[in-house]
Trainee: 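Before I ask anything, here is the structure I am working with.
Worth knowing before you read on, the calculation uses all heavy atoms, side chains too, and leaves out hydrogens, waters and symmetry mates.
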Amino acid sequence: MLTYTEDLIKRDLEHIWHPCSQMKDYEELSPIIIKSGKGINLYSYEGKKYIDVVSSWWCNLLGHCNERISNAVKKQLDTLEHVIFANFSHIKAIELSELLCEVLPKGLEKFCFTDNGSSAIEAAMKMSFQYHYQTANPQKTRFMALTDAYHGETIGALSVGGVDLYSEIYKPVLLDVIRVQGPDCYRCPCGLNCKNCDAQCIKFAREEFVKYGNNTCAIVIEPLVQAAAGMKIYPPVYLKKLRALCDEYNVHLIADEIATGYGRTGKMFACDHAGISPDIMCLSKGLTGGYMPMALAITTKKIYDAFYAPYLEGKAFMHSHTYSGNPLACAAACEVLKILKEENILEQAAIKAKYFNQKITEKFSNHKHVGDIRSIGLINAIELVKDKNTKKSFDYRLRTGYQIYKKALEKGVMLRPLGDVIYFNPPLIIEKEDMDYVINAAYDCLVDVIG
Ligand SMILES: *Cc1c(COP(=O)(O)O)cnc(C)c1O
């Protein structure tokens, strides 16, 4: 006789092809069937608790089954679940744009709605290309992106991504993107360290702008944190210098804030640390508090105006997704912004972030395989290396991070290392006791696996 959970696992594996997984791994580690969630915790049918320290893929912002967000969605559910968004509109989308305008970097005021992050990147790229086409620069047909970038999984978004694990095999069908050596503060390409750095590595970008700037529509970047690459963090001065280069060469700056937006870095948006405004900003993940799939490509009036013309000039942005502007998602997103403001979430998260990073540093920095500890906001990452002096990584075939992941599950912590980078990216509402617990658990798992 199978238990209830065993039966669910069997039925799951019968049909479901899980994302970003080698399905054969599930022979050894079954999918964990979650029954319910509350706050930062997830619960199995047996009542086992898992602390969601990765915010369920970085999207949960204010806890699972947050009362206010749930009520906002329930209310919307009995009012209007969905309506076509071409020629039609609804109050929650209007309210959301207004609320966001209050907190966005200056100049961002036109909202294109999509239903996932990758699609927002695609929309941003098409928008940028068409802008240049319609403003007498049809030679601008290419995109730039940084090494180690991650922007999603659809063909366009994957093209600007630079993490081989995701894109290598698809190279023959991807766009020919100009790859810019980006900042890498742990293994600095200029041989500097963060303390004496003025983002000298901007020179690599400048070289490409000199060569290709005239043929480039936009550079797509993750501001300050290259999350999927292992929570690689670089200083705001790099963004300032990149903004200046973009202005010089009439290249759009597309800021992919899908992972960094909504207080993850300690400010509302990562761009705020540098005081810059991108030409297009992409948002998703935290946008709905992790409730509903929705994303935005937000741009300036200047770009918008290049599409605004009599219909027969054929200048419209003919881009659409069936679920554009879904009212349920907009209702969740409006409530998220109200909660952030009314409950002073960012102010409190800043205090927690300080505590969290201090504790992590105390606990981990002397371990012989901890090469780097990096943090911004509540994001903390610990890079494990074979040799601290040479910064040489472990053999990837050992799957060190994965071994730690399995151990952590036993201790009820949902760590999900990126390669050999253990990281924490918890909901902003995490409390001290949980921080203490996950730090100690992660450390014990690390010691169990690599000594
Ligand atoms: C998650 C993510 C995306 C892709 O969003 P999806 O909704 O998964 O398509 C793009 N860029 C960044 C920085 C992300 O973290």
Trainee: Are any of the side-chain heavy atoms of Leu337 and Met268 separated by less than 4.5 Å?
Mentor: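 A side-chain contact exists here, since the closest heavy-atom pair is under 4.5 Å.
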
Trainee: Under a 4.0 Å N-O cut-off, is there an ion pair linking Lys241 with Asp198?
Mentor: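 Result for this pair is yes, salt bridge flagged.
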
Trainee: With a 4.5 Å cut-off on side-chain heavy atoms, are Ile254 and Pro278 touching?
Mentor: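 Heavy-atom side-chain distance check fails, nothing below 4.5 Å.
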
Trainee: Is there a side-chain contact between Tyr402 and Asp25, using heavy atoms and a 4.5 Å cut-off?
Mentor: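 With C-beta onward as the side chain, the pair touches.
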
Trainee: Just by distance, do the side chain of Glu208 and the backbone of Gln181 share a donor-acceptor pair under 3.5 Å?
Mentor: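 No; judged by distance alone, with no hydrogens or angles, the pair does not exist.
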
Trainee: Over 60° means perpendicular and under 30° means parallel, so classify the ring planes of His90 and Phe85, tilted if in between.
Mentor: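 Ring orientation of Phe85 relative to His90: tilted.
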
Trainee: May I have the step-by-step check of salt bridge (charged side-chain N to carboxylate O under 4.0 Å, His left out) for Asp164 and Lys171, ending in yes or no?
Mentor: CA-CA 9 Å; Asp164 281 348; Lys171 290 254 158 85; 3.4 Å; yes

Trainee: With sequence neighbours excluded, tell me which residues meet side-chain contact (heavy atoms from CB on, under 4.5 Å) with Ala442.
Mentor: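 Here the qualifying residues are Phe364, Leu415, Phe424.
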
Trainee: List the steps and the verdict of side-chain hydrogen bond (donor to acceptor under 3.5 Å, both in side chains) for Asn60 and Ser56.
Mentor: CA-CA 6 Å; Asn60 190 289; Ser56 282; over 6 Å; no

Trainee: Using the side chain to side chain donor-acceptor pair (under 3.5 Å) definition, which of the options Asn215, Thr216, Asp176 pairs with Arg142?
Mentor: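 Option passing the side chain to side chain donor-acceptor pair (under 3.5 Å) with Arg142: Asp176.
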
Trainee: Between Glu383 and Lys391, does the salt bridge (charged side-chain N to carboxylate O under 4.0 Å, His left out) criterion hold? Intermediate values first, please.
Mentor: CA-CA 10 Å; Glu383 179 160 345; Lys391 303 183 180 177; over 6 Å; no

Trainee: Is Arg243 paired with Asp279 through a side-chain N to carboxylate O contact shorter than 4.0 Å?
Mentor: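 Answer for the salt bridge query: yes.
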
Trainee: Report yes if some heavy atom in the side chain of Cys330 is under 4.5 Å from a heavy atom in the side chain of Phe113; otherwise report no.
Mentor: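 The answer is yes; the side chains approach within 4.5 Å.
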
Trainee: Flag yes if more than 12 heavy atoms outside Lys302 fall under 6.0 Å of its NZ atom; otherwise flag no.
Mentor: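 Counting neighbours around NZ of Lys302, 12 or fewer heavy atoms of other residues, nucleotides or ligands fall under 6.0 Å, so no.
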
Trainee: Can you tell me if Tyr212 has over 12 outside heavy atoms packed within less than 6.0 Å of its OH?
Mentor: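 Not more than 12 within 6.0 Å, no.
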
Trainee: If every non-hydrogen atom of His367 is compared with every non-hydrogen atom of Leu446, which pair is closest and at what distance?
Mentor: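 Scanning both residues completely, I find the closest heavy atoms to be NE2-CD2, 3.2 Å.
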
Trainee: Which heavy atom of Arg179 sits nearest to which heavy atom of Val160, and what is that distance?
Mentor: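 Closest pair (atom of Arg179, atom of Val160, distance): NH1-O, 2.9 Å.
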
Trainee: For the residue pair Tyr234 and Tyr238, does the interplanar ring angle fall in the parallel (under 30°), tilted (30 to 60°) or perpendicular (over 60°) class?
Mentor: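 Aromatic pair Tyr234/Tyr238 classed perpendicular.
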
Trainee: Which pair of non-hydrogen atoms, one from Val73 and one from Leu328, has the smallest distance, and what is that distance?
Mentor: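 Smallest interatomic distance, heavy atoms only, reads O-CD2, 3.9 Å.
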
Trainee: Name the orientation class of the two ring planes belonging to Tyr262 and Phe269 (parallel below 30°, tilted from 30 to 60°, perpendicular beyond 60°).
Mentor: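 Tyr262 vs Phe269 ring planes: perpendicular.
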
Trainee: Please identify each residue that fulfils ring pair (Phe, Tyr, Trp, His ring centres under 6.0 Å) with Phe204, with sequence neighbours left out.
Mentor: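 By the ring pair (Phe, Tyr, Trp, His ring centres under 6.0 Å) rule, Phe204 matches no residue at all.
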
Trainee: Just wondering, are more than 12 heavy atoms of other shown residues or ligands nearer than 6.0 Å to NZ in Lys240?
Mentor: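 No, because the 6.0 Å sphere around NZ of Lys240 holds 12 heavy atoms or fewer from other groups.
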
Trainee: Would you call Val421 and Ile382 a side-chain contact if the rule is heavy atoms closer than 4.5 Å?
Mentor: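 SC-SC contact between Val421 and Ile382 ruled out.
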
Trainee: If I compare all heavy atoms of Leu192 with all of Gln200, which pair ends up nearest, and what's the gap?
Mentor: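 Of all heavy-atom pairs spanning Leu192 and Gln200, the closest is CD1-OE1, 3.3 Å.
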
Trainee: Check this for me, if you would: do Lys24 and Glu27 make a salt bridge, where the nitrogen-to-carboxylate-oxygen distance has to be below 4.0 angstrom?
Mentor: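 Between Glu27 and Lys24 there is a salt bridge, with a charged N closer than 4.0 Å to a carboxylate O.
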
Trainee: For Glu122 and Ser119, what are the C-alpha separation, side-chain angles and deciding distance, and is it a side-chain hydrogen bond (donor to acceptor under 3.5 Å, both in side chains)?
Mentor: CA-CA 5 Å; Glu122 303 275 344; Ser119 299; over 6 Å; no

Trainee: Answer yes or no: is there a donor N or O on one side and an acceptor on the other, between the side chain of Asp52 and the main chain of Ser55, under 3.5 Å?
Mentor: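 At least one qualifying donor-acceptor pair exists.
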
Trainee: In sequence, state the C-alpha distance, the side-chain angles, and the governing distance for Asp12 and His18, and then conclude on side-chain hydrogen bond (donor to acceptor under 3.5 Å, both in side chains).
Mentor: CA-CA 9 Å; Asp12 177 287; His18 288 276; 2.8 Å; yes

